[in-house]
Amino acid sequence: MQPDAKSAPENRETEGPFDSDEANPARPYVDLGGVKILPREGLQLRLEVEEGTQRVVAVGLDFAGSTLQVQAFAAPRSTGLWHDIRAQIRDQITGQGGSLVEQEGVFGPELIAEVPAVGPDGAPVMRLARFVGVDGPRWFLRGVIAGEAMQNEASRAAIEELFRSVVVVRGGSPMPPRDLIPLTIPKSSAAV
């Protein structure tokens, strides 16, 4: 496997995650700029904002007892980023004292990690997280899954379907690979 090969499910164009050109225009997506999210019953949406810049850096989705954080990045047209980014995640987590295993999942290679964190009582704990990634046309979408989807099959299927329903809006502007595709606060603040 070449380190810059694209990594995506064979059916990505029809099953998602989708490029903006592939999405069904009749569906009522919540438009967050670089990504669009399909609303559904029980879904809570959070925008994660960088403190210093007030820039929206990620979308947090709480659904089916789990959390899915998504981020979309610019990528080259012909090569992928996921193989290289997995190696960086591996180095970062092991450097923090965590552990992980790489496995093949529904989206391709993925990481299951035990990440050091601080529990509610302030004591150190290990949190279980699943890192998934999909290389699309000129973009890369990363998902981090935590919560019930790590142990519960129904919750896992619901979160995987939610990740597949994400639409990435890359836009036509030139962007360096690995730059975060800009996210925006939705125009209407209607509850999702």
#### Entry: N-O pairing of Arg12 and Glu10 below 4.0 Å
no
### Query
Does Thr14 use its side chain to pair, donor to acceptor, with the backbone of Asn11 at less than 3.5 Å?
yes
### Query
Between Arg130 and Glu160, is there a salt bridge with N-O shorter than 4.0 Å?
yes
### Query
Quick one: do the Asp62 and Thr67 side chains pair a donor with an acceptor below 3.5 Å?
yes
### Message
In the structure I gave you, are the side-chain heavy atoms of Val167 and Val35 within less than 4.5 Å of one another anywhere?
### Response
no
### Query
Would you say Pro39 and Leu45 make side-chain contact, with heavy atoms under 4.5 Å?
no
### Message
For Arg156, is there an ion pair with Glu148 - N to carboxylate O distance below 4.0 angstrom?
### Response
no
### Message
I need the minimum non-hydrogen distance between Val169 and Gly33, along with the two atoms involved.
### Response
CB-O, 3.3 Å
### Query
Does the side chain of Val106 reach to within under 4.5 Å of the side chain of Pro9, using non-hydrogen atoms?
no
## Note on the structure
Closest non-hydrogen atoms of Leu100 and Ile89, given as atom of the first, atom of the second and distance, are CD2-O, 4.3 Å
### Query
Any ion pair linking Arg86 and Glu110 (charged N to carboxylate O, less than 4.0 Å)?
no
### Task
Measure centre to centre between the rings of Phe73 and Trp139, then say whether the value is under 6.0 Å.
no
### Task
Please answer: with hydrophobic residues joined when any side-chain heavy atoms are less than 4.5 Å apart, are Val144 and Met126 in the same cluster?
no
### Task
Indicate the atoms forming the closest heavy-atom contact of Phe131 with Ile93, along with that distance.
CE1-CD1, 3.6 Å
### Query
Thr94 side chain to Asp91 main-chain N or O, any donor-acceptor pair under 3.5 Å?
yes
### Task
Taking all non-hydrogen atoms of both residues into account, name the closest pair between Gln96 and Pro116 and its distance.
O-CG, 3.1 Å
### Task
Taking all non-hydrogen atoms of both residues into account, name the closest pair between Ala74 and Pro176 and its distance.
CB-O, 3.6 Å
### Task
Report yes or no: does Asn152 contribute a side-chain atom to a donor-acceptor pair with the main-chain N or O of Ser155 at less than 3.5 Å?
yes
### Query
Leu61 versus Gln44: any side-chain heavy-atom pair under 4.5 Å?
no
### Message
Under a 4.0 Å threshold between the charged nitrogen and the carboxylate oxygen, would Arg164 count as salt-bridged to Glu15?
### Response
no
### Query
Are the side chains of Val168 and Pro137 in touch, meaning some heavy atoms are under 4.5 Å apart?
no
### Message
Determine whether a donor-acceptor pair (N or O, by modelled atom type, separation under 3.5 Å) exists between the side chain of Ser66 and the backbone of Ala149.
### Response
yes
### Query
Is the number of heavy atoms from other residues, nucleotides or ligands within 6.0 Å of CD (Gln103) greater than 12?
yes
### Query
Do Lys36 side-chain atoms and Ser20 backbone N/O form a donor-acceptor pair below 3.5 Å?
no
### Task
For the residue pair Val49 and Val57, establish whether any side-chain heavy-atom pair is separated by less than 4.5 Å.
no
### Query
Without hydrogens or angle criteria, can the side chains of Arg40 and Ser165 be said to hold a donor-acceptor pair below 3.5 Å?
yes
#### Entry: Ile159 and Phe63, any side-chain heavy atoms less than 4.5 Å apart
yes
### Task
Locate the shortest heavy-atom distance separating Ala5 from Asp135; write the atom from each residue and the value.
O-OD2, 4.0 Å
### Task
For side chain to side chain contact (heavy atoms under 4.5 Å, CB included), just list the numbers for Arg178 and Ile85, CA-CA rounded to whole Å, side-chain angles, deciding distance to a tenth of an Å, and then say yes or no.
CA-CA 9 Å; Arg178 297 174 179 260; Ile85 287 174; 3.7 Å; yes
